[in-house]
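In what follows, chains are A, B, ... by sequence order, proteins preceding strands, each numbered from 1. Note that the structure is predicted; figures quoted are calculated from it, not measured.
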Amino acid sequence: MGHSVFALVDCNNFYASCEKLFRPDLRCKPVVVLSNNDGCVVARSKEVKALGIKMGVPIFQIRDEIEQHGIVCFSSNYALYADLSSRVMSILEEEAPRVEIYSIDEAFMDLTGVAHTVDLLEFGRKVKARVDQHVGITVGIGIAPTKTLAKLANHAAKKYPATGQVVDLMSPARQRRLMALVDVGDVWGVGRRITEKLKARGIHTALNLADADPKTIRREFSVVLERTVQELNGISCLELEALAPTKKQIVCSRSFGQRITERSELREAVAKYMSRAAEKLRGEKRLARVVQVFVRTGVFNSSDPHYSGSLSVELPNPTDDTRDLLEAADVLFSRIYKAGYRYAKAGVMLTDFYEHGTYQHDLFRGSFERKQSKELMGVLDQINHSGLGSVFFASQGTSPQWAMKREHLSPAYTTRWEELPVVR
DNA sequence: TCTGGGGTCCTAGGACCC
DNA sequence: TCTGGGGTCCTAGGACCC
């Protein structure tokens with residue numbers, strides 16, 4: 001309590017930087033990474049940001065800019081990003097006793113214990129240099145007494161090159177000076193809607209928000225925003241969570257490469273997502289009791305008739321067996337499917353999780369657990385993770401027409417032997 | 001023609017109970 | 001016509017994050 005110190009480490013333009021890492025020829029070239037199906041821009045190199053291309057824009061809207069500026073496009077290569085991320089994170093874990101991996105490209109470090117033994121700015125510079133040297137990814141670092149202020153410090157580290165991308169924001173006077181320059185919408189936890197409401201009340205900067213009355217904010221907004229106000233004032237409300245909390249839900253959903261009109265194809269897609277969700281569930285070492293399936297048409301094209309169907313079911317007993325889950329998903333699917341629509345997306349969700357061995361089986365229905373379920377699922381996961389091949393259920397189909405579009409995929413430089421980069 | 005995916009937390013309102 | 005007070009649990013929806 002009292003004197004926490006957090007560092008927020010954030011990789012610059014992470015996905016775009018990962019792609020550039022293995023393509024030195026692209027060093028100063030504009031690069032974007034696209035979402036699944038090559039739909040929207042999800043990461044931009046600094047050259048692309050400078051061109052004013054916004055995050056999340058559909059690729060078809062910027063065809064001209066791509067052509068004109070020679071922007072290089074990549075499909076998302078998640079395996080590559082995850083691998084480089086874990087390399088960055090292991091370095092951070094060597095440098096601090098406790099690290100919270102907040103997302104694929106961000107982590108909070110707990111510097112509470114070391115703060116009085118080292119110079120924080122120097123410490124930050126050292127961490128940055130180590131990541132740069134060992135992984136080749138550039139990071140920005142913000143250091144402050146609360147997570148929200150550390151985020152703000154990180155924001156400043158990126159915005160002002162003179163900082164060398166490391167900012168120590170422990171001093172309250174510096175906090176106030178910076179907050180006066182930051183738009184309230186750039187504060188962590190303040191999204192578009194709340195920004196609008198705040199500005200209507202005359203709160204325009206982070207400093208305005210810090211100086212607002214917490215009780216009023218709670219009444220007119222929420223306890224969440226009240227916490228933000230406290231955090232901006234150096235009162236730490238958000239703890240560092242070094243142990244990843246177990247998931248409460250698992251979602252697998254995808255937009256299709258092309259619209260689906262065939263029932264059998266849509267059914268295969270649902271089965272495929274269900275199998276993936278079951279794998280994730282076993283990875284979490286949990287059993288799920290509630291299964292949900294949804295299908296829907298596109299939401300952007302208004303000329304096609306819209307339909308969105310979703311249904312969930314509570315299983316008699318929690319399970320992690322792909323066969324049980326597929327069975328449930330199929331029943332739900334047949335109840336929500338309607339012929340005659342052009343489907344754009346489908347997905348499944350698992351919720352209501354239990355640990356193995358803690359669930360009290362229904363006395364009257366008894367335990368229907370399949371024989372050797374654990375063994376079969378174990379072998380299934382093992383084969384699929386070995387890289388030797390893949391085993392799956394027939395209901396998923398073998399040559400989906402609905403597979404994702406990934407026309408600009410980079411090689412798996414770090415995760416497949418055949419695709420290792422070669423230095424000549 | 002073409003617009004991502006996967007999470008969390010909070011709140012309001014309804015159902016139900018005593 | 002007028003019709004209490006308090007609690008729990010669940011769900012849907014909204015807001016946010018990366």
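A/Lys197 has no side-chain polar atom (N or O) that falls below the 4.0 Å cut-off from OP1 or OP2 of C/dA15. Applying the 4.0 Å criterion to OP1 and OP2 of B/dT1, one finds that A/Arg259 has every side-chain N and O outside that range. Distances shorter than 4.0 Å separate none of the side-chain N or O atoms of A/Ser253 from OP1 or OP2 on B/dG4. Distances shorter than 4.0 Å separate none of the side-chain N or O atoms of A/Lys54 from OP1 or OP2 on B/dT3. The shortest distance between the side-chain N/O atoms of A/Arg193 and the OP1/OP2 oxygens of C/dG13 is not below 4.0 Å.
For the residue pair A/Lys49 and A/Asn13, a side-chain donor N or O sits within less than 3.5 Å of a side-chain acceptor on the partner. A donor-acceptor contact closer than 3.5 angstrom is absent between the side chains of A/Glu241 and A/Tyr102. Donor-acceptor pairing under 3.5 Å is recorded for the side chains of A/Tyr354 and A/Arg289.
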- [ ] List the steps and the verdict of ring pair (Phe, Tyr, Trp, His ring centres under 6.0 Å) for A/Tyr15 and A/Phe74.
- [x] CA-CA 9 Å; A/Tyr15 294 178; A/Phe74 288 96; over 10 Å; no
- [ ] Start with the C-alpha gap between A/Trp188 and A/Phe6, add the side-chain angles, then the distance that decides, and say whether ring pair (Phe, Tyr, Trp, His ring centres under 6.0 Å) holds.
- [x] CA-CA 15 Å; A/Trp188 191 39; A/Phe6 298 94; 9.8 Å; no
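A donor-acceptor pair under 3.5 Å is absent between the side-chain atoms of A/Asp105 and the main chain of A/Asp10, judged by distance alone.
Nucleotides C/dG4 and B/dC17 have their C1' atoms positioned 14 Å apart, rounded to a whole Å.
Comparing B/dG4, C/dC17, B/dG7 by their closest approach to the side chain of A/Ser35 singles out B/dG4. With distances taken from any side-chain atom of A/Ile194 to the nucleotides C/dC16, B/dT3, B/dG7, the minimum falls on C/dC16.
Residue A/Glu106 is classed as a sugar-phosphate contact, given heavy-atom separations below 4.0 Å to backbone atoms only. Residue-level contact check: A/Asp105 touches the backbone only, with heavy atoms under 4.0 Å from sugar-phosphate atoms and none from bases.
Contact check on A/Lys197 versus A/Glu220 returns no salt bridge, with no Lys/Arg side-chain nitrogen under 4.0 Å from an Asp/Glu carboxylate oxygen.
Where pairing requires Watson-Crick or G-U contacts shorter than 3.5 Å, the helical stems of DNA chain B with at least three consecutive pairs are B:5-18 with C:5-18.
Comparing A/Lys405 and A/Arg254 by the nucleotide of DNA chain B that holds the closest heavy atom to each, the one mapping nearer the 5' end is A/Lys405.
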